[in-house]
Amino acid sequence: MSPEELTAAIDALLRDHPPSTTDPHDFFAARFDAGLAWVWVDRPDGGSNAEPALQGLIEQRLAEAGAPIPGAYNPIGIGMCGPTLLTHGTDEQRAKYLRPLYTGEEVWCQLFSEPSAGSDVAGLAARARRDGDEWILDGQKVWTSFAHLSRRGLILARTDPDVPKHNGITAFVVDMHAPGVDVRPLRQMTGDAEFNEVFFDGVRIPDSDRLGDVGAGWRVGTTTLMNERVSLGGAIATREEPGAGLLESYRVAAARGEGNGLRRDQAIQLWIEANVNYLTAVRAAAGGNRGKPGPEGSVLKLVSAEYNRRAAEFENDLLGPGGALLPRHEMRRPTLPYGSMGAPSTQATFLRSRANTIEGGTSEILRNILGERVLGLPGDVRVDKGVAWKDVPR
């Protein structure tokens with residue numbers, strides 16, 4: 001599809017489904033059917049076989065028209081699981097899952113981390129055993145966002161403990177409403193319970209819901225994690241005025257007589273960093289990668305996490321003694337669309353920002369990835385390399 005044809009398709013979508021009067025889920029369905037979901041893929045998968053860079057044109061036009069954002073209604077599904085299905089899913093899997101995922105009819109979650117396998121995801125212990133045309137899943141996952149709202153989950157499980165850890169993992173699509181699935185909230189220091197721990201006790205998964213080959217789960221998981229970092233880091237590209245909130249916070253504090261040269265300099269430095277990050281995100285998005293992100297995802301995730309932490313600390317400091325007081329602490333669980341619970345307080349944002357350098361890949365791990373895989377530096381010493389998972393001390 002040419003840029004002119006794509007523009008005509010966008011015009012038709014907005015004309016026939018005005019965002020102001022169309023239910024968001026119906027709008028997403030019409031957008032998917034028009035080939036305006038993932039523009040570079042085939043029409044049955046929600047695309048138009050167009051150049052990937054044209055995705056930016058779609059997002060810009062729809063944003064200007066006030067259209068709803070699919071990621072707000074299914075953040076993990078749109079940002080991580082959908083691109084993974086596009087890359088590794090069979091024709092049948094894509095036909096079954098992509099449209100309801102995109103419309104938000106079926107919310108998805110990602111089930112990778114475990115209590116003893118966080119940064120070392122490949123060390124996971126959740127086990128899936130073959131039983132004819134099914135797999136029996138047992139184990140525990142943790143830090144699972146939106147699990148309490150999800151219908152589907154993308155899970156990594158160990159299917160062969162007798163080979164090195166990276167080689168014995170298989171990816172599956174799991175029904176989060178199946179017998180044996182138990183979702184429990186994890187309360188954070190903000191009072192909210194954004195994450196969950198999930199237990200699987202004899203959960204049966206049909207082999208048709210296996211994603212990729214048996215033992216190839218690490219490759220599937222890597223695709224998901226790279227898209228996760230693009231999703232987390234690339235979110236900064238959606239801000240219309242990068243750093244404007246920081247400057248406004250400083251202006252308000254200065255009006256109270258609490259401004260000084262040091263804080264003014266901090267505000268300007270953070271504003272500069274916000275804009276550099278924004279331009280990096282825009283450049284990465286404009287590159288177009290057909291759902292197979294490169295190292296820019298790790299770069300963006302790293303710099304945005306570090307920036308968010310410093311920016312939140314700066315704004316909280318501007319409150320003076322009031323920055324030590326949390327306005328509310330009752331437990332709340334996220335709802336969709338994302339952000340519908342309202343903006344958190346400055347104090348809660350400060351507390352929450354501590355997690356930015358951990359979730360979605362710690363800053364330390366991301367530096368390792370960039371050093372080893374992008375810069376070609378020597379890797380860390382690995383004592384479990386070539387050792388069967390069952391023989392690794394734990």
Side-chain angles (χ1 to χ4, degrees), residues 76-77 80-81 84-85 88-90 93 96-97 101 106-187 193-225 228 333 359 384 387-394:
I76 309 300
M80 304 164 206
C81 300
T84 301
L85 284 167
H88 298 282
T90 64
Q93 289 170 337
K96 179 179 179 180
Y97 292 128
L101 179 156
E106 293 185 351
V107 176
W108 283 60
C109 63
Q110 169 192 316
L111 301 142
F112 286 11
S113 295
E114 297 181 7
S116 60
S119 295
D120 180 23
V121 174
L124 61 86
R127 184 75 187 276
R129 296 175 290 106
R130 187 81 181 245
D131 183 24
D133 292 332
E134 294 182 317
W135 296 80
I136 302 176
L137 174 66
D138 294 282
Q140 178 187 359
K141 297 293 180 177
V142 74
W143 313 125
T144 308
S145 301
F146 301 105
H148 61 295
L149 301 174
S150 295
R151 174 60 195 277
R152 310 283 178 189
L154 174 59
I155 190 168
L156 296 181
R158 187 155 306 281
T159 50
D160 189 351
D162 298 319
V163 297
K165 59 184 182 181
H166 292 85
N167 301 332
I169 298 172
T170 304
F172 300 92
V173 176
V174 60
D175 183 349
M176 296 297 290
H177 295 174
V181 179
D182 182 16
V183 178
R184 305 177 190 175
L186 289 169
R187 188 172 183 176
E194 295 180 67
F195 309 108
N196 304 272
E197 54 183 345
V198 186
F199 295 85
F200 299 91
D201 184 9
V203 177
R204 289 189 169 270
I205 303 175
D207 187 58
S208 59
D209 278 339
R210 171 172 46 83
L211 193 57
D213 295 333
V214 175
W218 184 248
R219 186 163 61 251
V220 177
T222 298
T223 299
T224 307
L225 292 173
E228 178 181 34
R333 306 185 79 181
E359 59 194 345
D384 58 0
V387 179
W389 177 85
K390 65 181 178 60
D391 296 327
V392 176
R394 58 179 59 84

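These numbers come from the heavy atoms of this one structure, side chains and all, not from hydrogens, waters or symmetry mates.
- Under the ring-ring contact (aromatic ring centres under 6.0 Å, His included) criterion, the residue pairs touching residues 113-138 are Trp135-Phe172, with sequence neighbours excluded.
- Checked by atom type and distance alone, the side chain of Thr144 never pairs as donor or acceptor with a backbone atom of Glu197 at under 3.5 Å.
- Listed by chain and number, the residues in a ring pair (Phe, Tyr, Trp, His ring centres under 6.0 Å) with Trp389 amount to none (sequence neighbours excluded).
- Of the possible polar contacts, one joining the Arg158 side chain to the Leu124 backbone as a donor-acceptor pair under 3.5 Å is found.
- Annotation for Gly123 and Ala117: closest pair C-CB, 3.8 Å, computed over non-hydrogen atoms.
- Remark: Arg184 engages Asp182 in a salt bridge (charged side-chain N to carboxylate O under 4.0 Å, His left out) (not counting sequence neighbours).
- Closest of all the heavy-atom pairs between Ile205 and Val173 is CG2-O, 3.6 Å.
- Cys109 and Ser145 get closest at one heavy-atom pair: CB-O, 3.5 Å.
- Scanning for salt bridge (charged side-chain N to carboxylate O under 4.0 Å, His left out) contacts around Arg333 gives an empty result, with sequence neighbours left out.
- By the neighbour-count criterion of 12 heavy atoms within 6.0 Å, atom CG of Asp133 is sparsely surrounded, having that number or fewer from other residues, nucleotides or ligands.
- Interatomic distance, CG of Leu186 versus CZ of Phe195, reported as 8.5 Å (0.5 Å rounding).
- Counting heavy atoms from C-beta outward, Met176 and Leu111 have side chains that approach closer than 4.5 Å.
- Val181 and Val203 get closest at one heavy-atom pair: CG2-CG2, 3.8 Å.
- Listed by first and then second residue, the salt bridge (Lys or Arg N to Asp or Glu O under 4.0 Å) pairs that reach into residues 161-170 are Asp120-Lys165, Lys165-Asp384, sequence neighbours excluded.
- Between the CZ atom in Phe200 and the CG atom in Leu137 there is a gap of 5.5 Å [rounded to 0.5 Å].
- For the atom pair CD1 of Ile169 and CD1 of Ile155, the computed distance is 11.5 Å after rounding to the nearest 0.5 Å.
- Between Gln140 and Pro115 there is a side-chain heavy-atom pair separated by less than 4.5 Å.
- Applying the side-chain contact (heavy atoms from CB on, under 4.5 Å) test to Val220 and every residue at least two apart in sequence or in another chain returns Thr84, His88, Ala171, Leu211.
- The salt bridge (Lys or Arg N to Asp or Glu O under 4.0 Å) contacts involving residues 106-117 comprise Glu106-Arg152, Glu114-Lys141, where partners must be two or more places apart or lie in separate chains.
- Judged as a side-chain contact (heavy atoms from CB on, under 4.5 Å), and not counting sequence neighbours, the contacts of Pro206 are Ser208, Asp209.
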Residues Leu154, Met80; criterion side chain to side chain contact (heavy atoms under 4.5 Å, CB included); working and verdict: CA-CA 9 Å; Leu154 174 59; Met80 304 164 206; over 6 Å; no
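- A donor-acceptor pair is defined here as one N or O able to donate and one able to accept, closer than 3.5 Å; such a pair exists between the side chain of Gln93 and the backbone of Thr90.
- When the salt bridge (charged side-chain N to carboxylate O under 4.0 Å, His left out) test is applied to Asp138, the partners found at least two apart in sequence or on another chain are Arg129.
- When the side-chain contact (heavy atoms from CB on, under 4.5 Å) test is applied to Val163, the partners found at least two apart in sequence or on another chain are Asp160, Asn167.
- In Arg219, the CZ atom is not crowded: 12 or fewer heavy atoms of neighbouring residues, nucleotides or ligands sit closer than 6.0 Å.
- Evaluation of the salt bridge (charged side-chain N to carboxylate O under 4.0 Å, His left out) rule for Arg130 yields Asp207 as partners, not counting sequence neighbours.
- Taking the side-chain contact (heavy atoms from CB on, under 4.5 Å) definition, one finds that His166 meets it with Ala122, Trp218, sequence neighbours left out.
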